[in-house]
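To find a chain, count down the sequence lines: A is the first, B the second, and so on, and within it residues start at 1.
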There are 2 protein chains.
Amino acid sequence: MSELRLHRFIPYRLSVAANAVSRRISDSYRRRFGLKIAEWRVIAILAENERMTPQDIGNKGELDKITVSRSATALMDRGLLLQQRNPEDGRSHFLQLTPDGRALYEEIAPAALRLEQELLTCFSEEERDLLESLLRRIESAANSP
Amino acid sequence: MSELRLHRFIPYRLSVAANAVSRRISDSYRRRFGLKIAEWRVIAILAENERMTPQDIGNKGELDKITVSRSATALMDRGLLLQQRNPEDGRSHFLQLTPDGRALYEEIAPAALRLEQELLTCFSEEERDLLESLLRRIESAANSP
DNA sequence: TATTGTTATACTCTATAACTATA
DNA sequence: TATAGTTATAGAGTATAACAATA
């Protein structure tokens, strides 16, 4: 059996790295756009998909239904999102960006990409893709029964 | 400018992977050993270092002083940790594992390594080391001014 | 005055469960 | 009955600030 060393323990390294990134990003989103990370995810998903139910948003963005519901309420209060009835199922509804919401997204997206670029300073394209695929594999293993 | 896609956005992938891993680990630690992740880190650090001040523990384990203080109190209440006075500085003190604390560590460490192995199923040694180094680089970039 | 560690407080995040309205 | 979404509540994590003891 190999010896346990906290500093080489992958769950530790992953947690520390994710916390550092999340702190920097959420500071930036909150300061510049008044958004929490979950709210930003809802916007990003609707920017890619036009009309979606809360459930589909949650599945797409790894958010539970409570988080989606609260994020959507906050975004609707700011006029960034609107609800439309779902003629096929009255329990549900569609969510969609308003023009203001779309405009905010157009402003955030380049800032987000710049931020990602800063994090990936000195990463080659291959290293970036490799990191993405390693993270997906870890995530999938962590979610396995 | 390249297009933003949430599912290929590294901060998103990192957050989702870290949450999945953290959920699985904290479930396991709480259920099996009654420990929070911060408490586990304090134990792991003291298992590697014998006697340390709260401040040094915080630096070593990326924990703020409040978290270290509360974790240490909880662990002392369970008899896993003891305090010794620091003759060089009366404001501080040393923390050290008790025999019970050491015994608990000896029980957790193999379980932690097994859990890490599960997460790294199908990872080669090179991939594991690469992931560690990519995570360190991202963390360092995120903490840069 | 500055620093170590503790306590108080609050805000975010996450998870559980109860509720409503529809199916 | 079961499901989509909302609301209430609580626990864990994290951050700021005030405090006591010591330097």
Side-chain angles (χ1 to χ4, degrees), chain A residues 11-12 14-16 18-31 34-42 51-77 81 83-95 142-143, chain B residues 12 15-16 18-31 33-42 52-77 81 83-95 142-143:
Chain A
Y12 173 76
L14 188 58
S15 160
V16 168
N19 285 347
V21 168
S22 162
R23 200 174 313 118
R24 166 170 283 229
I25 292 210
S26 59
D27 280 358
S28 162
Y29 288 176
R30 187 178 49 244
R31 234 178 334 102
L35 291 176
K36 299 180 187 177
I37 287 186
E39 293 166 1
W40 150 246
R41 276 195 206 166
V42 170
R51 280 154 43 98
M52 291 184 94
T53 64
Q55 188 171 54
D56 290 339
I57 294 173
N59 292 336
K60 198 94 178 175
E62 301 285 340
L63 300 166
D64 63 30
K65 61 181 184 172
I66 308 152
T67 305
V68 174
S69 170
R70 295 207 172 114
S71 300
T73 301
L75 294 172
M76 285 190 291
D77 288 349
L81 222 66
Q83 262 185 23
Q84 292 170 310
R85 54 182 304 276
N86 180 345
E88 289 166 10
D89 189 337
R91 296 169 301 182
S92 180
H93 53 261
F94 292 118
L95 292 168
N143 288 326
Chain B
Y12 172 77
S15 161
V16 168
N19 286 347
V21 168
S22 163
R23 200 173 315 118
R24 166 169 283 231
I25 292 209
S26 60
D27 280 358
S28 163
Y29 289 175
R30 188 180 48 245
R31 230 175 340 100
F33 307 106
L35 292 175
K36 300 178 185 177
I37 286 186
E39 294 165 1
W40 150 245
R41 278 196 204 167
V42 170
M52 291 184 93
T53 64
Q55 188 170 53
D56 290 339
I57 293 173
N59 292 337
K60 198 94 179 175
E62 302 284 338
L63 301 166
D64 64 29
K65 62 180 185 174
I66 306 154
T67 305
V68 175
S69 171
R70 295 207 173 115
S71 300
T73 301
L75 295 172
M76 285 189 293
D77 288 349
L81 222 66
Q83 262 185 21
Q84 292 170 311
R85 54 182 304 277
N86 180 346
E88 289 164 10
D89 189 337
R91 295 169 302 183
S92 180
H93 53 260
F94 291 118
L95 292 169
N143 287 327

At 4.0 Å (heavy atoms only), tell me whether T53(A) reaches a base, stays on the sugar-phosphate, or touches nothing. sugar-phosphate
Do R70(B) side-chain and dA8(C) base share a donor-acceptor contact under 3.5 Å? yes
Residue pair L95(B) / Q83(B), side-chain heavy-atom distance below 4.5 Å: yes
V68(B) side chain near Q55(B) side chain, heavy-atom distance below 4.5 Å: no
[X] has an atom [atom1]; how far is it from atom [atom2] of [N], in whole Å?
{"X": "K65(A)", "N": "dA18(C)", "atom1": "NZ", "atom2": "C1'", "result": "11 Å"}
{"X": "R85(B)", "N": "dA21(D)", "atom1": "CZ", "atom2": "P", "result": "16 Å"}
{"X": "L63(B)", "N": "dA15(D)", "atom1": "CG", "atom2": "C1'", "result": "14 Å"}
{"X": "L35(A)", "N": "dC13(C)", "atom1": "CG", "atom2": "P", "result": "11 Å"}
{"X": "D64(B)", "N": "dT4(C)", "atom1": "CG", "atom2": "C1'", "result": "14 Å"}
{"X": "E88(B)", "N": "dG5(C)", "atom1": "CD", "atom2": "P", "result": "13 Å"}
{"X": "E39(A)", "N": "dT14(C)", "atom1": "CD", "atom2": "C1'", "result": "16 Å"}
{"X": "Q83(A)", "N": "dA21(C)", "atom1": "CD", "atom2": "C1'", "result": "14 Å"}

Do the side chain of S69(A) and the main chain of K65(A) share a donor and acceptor less than 3.5 angstrom apart? no
Please confirm whether the backbone N or O of A142(A) pairs with a side-chain atom of R24(B), one donor and one acceptor, at under 3.5 Å? yes
Mapping D89(A) and D89(B) onto DNA chain C by nearest heavy atom, which one lands closer to the 5' end? D89(B)
Give a yes/no answer on whether the side chain of S92(B) brings an N or O atom under 4.0 Å of OP1 or OP2 in dG5(C). yes
Below 4.0 angstrom from OP1 or OP2 of dT6(D), is there any side-chain N or O of S69(A)? yes
5'-most contact on DNA chain D: M76(A) or R23(A), nearest heavy atom basis? M76(A)
Nearest-nucleotide wise, let me know which of K36(B) and V68(A) is further upstream toward the 5' end of DNA chain D. V68(A)
Taking only the side-chain heavy atoms of I66(A) (C-beta and beyond), determine which of dA8(D), dG5(D), dT7(C) contains the nearest atom. dA8(D)
With the side chain defined as heavy atoms from C-beta on, R91(A) is closest, among dG5(D), dG5(C), dA2(D), to dA2(D)
Any luck finding a side-chain donor-acceptor pair between S22(B) and N19(B) under 3.5 Å? no
